[in-house]
Amino acid sequence: MTATPILTPTPILTVAGVVHAYGDKPVLRGVDLTLTPGEIYALLGPNGAGKTTLIKTICGRLRPDAGTVALKGQDPARVPAARACLGLAPQEIALYGHLTVAENLAAFASLAGIAAKAVPAAVERALTLTRTVDRAHVPIRHLSGGYQRRANIAAAIVHQPSLLILDEPTVGVDVDAREALDAVVRGLRDIGVAVLLVTHDLEQAGALADRVGFLRDGRMMLEGEPRALIAEAFGVQMEVLVELLAEPDAAGELRLAAEGLVRATRRAHLWTRLDVDGYAAAGRLDKRLRKAGLIPREIRVRQPSLQNLFTLVAERKQAA
Ligand SMILES: Nc1ncnc2c1ncn2[C@@H]1O[C@H](COP(=O)(O)OP(=O)(O)OP(=O)(O)O)[C@@H](O)[C@H]1O
Ligand SMILES: [Mg+2]
């Protein structure tokens with residue numbers, strides 16, 4: 001019997017041992033990152049971790065002090081053609097507000113060097129892929145946040161790049177519009193585009209990404225498939241989420257802390273802990289909290305999320 005060879009797809013992007021300092025402040029301390037066609041990768045990390053700096057080295061706008069970046073095997077800082085296979089949708093909407101979506105795309109297509117007779121087809125394709133056809137003739141400044149984000153992506157893909165980089169695409173986007181945005185990203189992945197998503201939105205990363213990487217202090221702390229990373233870190237533990245009817249007083253806060261509950265978000269009265277006993281633990285917790293005068297509106301038991309993993313990675317670092 002002959003063994004079937006396992007075909008490893010050729011990476012579109014290879015970052016190897018990249019080091020960068022601003023003056024004497026080290027920001028990237030040896031970062032590796034590989035993306036293959038048709039893969040969605042979410043780059044996560046706290047403010048100041050070095051995410052934007054890494055993106056700049058990938059775009060060839062910043063030459064690393066050490067290490068290499070290769071786009072389709074070529075250095076984007078030296079070979080302009082290497083940059084052509086990359087599309088960047090920046091965090092700030094980078095479109096002409098008074099021009100329509102279609103006019104913007106035509107302008108971007110010309111800037112990207114697309115021949116005049118090929119521009120209409122390129123514009124049409126970008127509109128379709130980003131589900132903005134129905135707003136093609138509306139000026140950017142009259143669009144909702146969600147449509148502006150998608151138009152921003154349309155401008156980034158009009159020259160048909162193999163790698164699309166999205167910097168914080170969900171800023172200023174409501175829940176419905178976010179789903180539309182996610183669908184656009186999946187659609188691009190399905191036609192073979194590699195997507196590098198820089199985000200603080202862990203929920204979006206968990207829903208979209210084939211792989212995630214946690215960057216912290218210029219180092220990749222953890223990388224892999226979200227489900228596998230979560231399973232490895234938490235085993236059979238479940239997350240117990242307690243939503244309280246009201247904000248607890250100081251004594252209530254102490255009680256919650258004694259139960260191992262930590263605040264999940266500041267907005268809602270939401271508290272969280274991990275427990276191997278999941279539902280049974282939630283039942284017991286409910287009784288004890290009520291006895292202490294802390295009335296839950298809802299207690300949920302669910303699989304640990306990327307948010308739990310993010311917290312764990314942050315704590316590990318502090319303990320080290
Ligand atoms: N041009 C610059 N000159 C000097 N220091 C800089 C410069 N740009 C960024 N830094 C510093 O480098 C570090 C990493 O910045 P970077 O913008 O890459 O982080 P980030 O992960 O993108 O953060 P955020 O989530 O806030 O966007 C920060 O401490 C930042 O202050
Ligand atoms: Mg940044």
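Whatever order the structure lists them in is the order used to number ligands and atoms, beginning at 1.
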For [atom], which protein heavy atom lies nearest, and how many Å away is it?
{"atom": "atom 27 (O) of ligand 1", "result": "T52 OG1, 3.9 Å"}
{"atom": "atom 25 (O) of ligand 1", "result": "K51 NZ, 2.7 Å"}
{"atom": "atom 6 (C) of ligand 1", "result": "Y22 CD1, 3.2 Å"}
{"atom": "atom 19 (O) of ligand 1", "result": "G50 N, 3.3 Å"}
{"atom": "atom 24 (P) of ligand 1", "result": "N47 ND2, 3.6 Å"}

Q. For ligand 1, which atoms have a heavy atom of T53 less than 4.0 angstrom away?
A.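 In order of number, 15 (O), 16 (P), 18 (O).
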
Q. Which atoms of ligand 1 are found less than 4.0 Å from any heavy atom of H200?
A.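 So the atoms of ligand 1 that pass are 25 (O).
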
Q: Could you tell me whether R284 and E259 have a side-chain N and a carboxylate O separated by less than 4.0 Å?
A: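 Result for this pair is no, no salt bridge flagged.
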
Q | Selected option - heavy-atom contact closest to atom 30 (C) of ligand 1, from R216, K25, Q91, E168 | A |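 Looking at heavy atoms only, K25 sits closest to atom 30 (C) of ligand 1.
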
Q. Side-chain contact, heavy-atom cut-off 4.5 Å: Y41 with E223?
A.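 Y41 reaches E223 side chain to side chain.
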
Q) Would you say L289 and L256 make side-chain contact, with heavy atoms under 4.5 Å? A)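 They are in contact (side-chain heavy atoms under 4.5 Å apart), so the answer is yes.
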
Heavy-atom pair with the smallest gap, counting every atom of [X] and [Y]:
{"X": "I114", "Y": "V158", "value": "CD1-O, 3.5 Å"}
{"X": "A194", "Y": "L35", "value": "CB-CD2, 4.0 Å"}
{"X": "A107", "Y": "Y96", "value": "CB-CE1, 4.4 Å"}
{"X": "L163", "Y": "I58", "value": "CD2-CG2, 4.4 Å"}

(Q) If I apply the N/O under 3.5 Å rule, does V27 come out as touching ligand 1? (A)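 Min N/O separation from ligand 1 is not below 3.5 Å for V27.
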
Q: Say whether G45 and ligand 1 are in contact under the criterion: heavy-atom distance to a ligand atom below 4.0 Å.
A: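 G45: no contact with ligand 1 (<4.0 Å).
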
Q | Whether T53 has an N, O or S atom under 2.8 Å from the Mg ion (ligand 2) | A |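 No - counting backbone and side chain alike, T53 has no N, O or S atom under 2.8 Å.
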
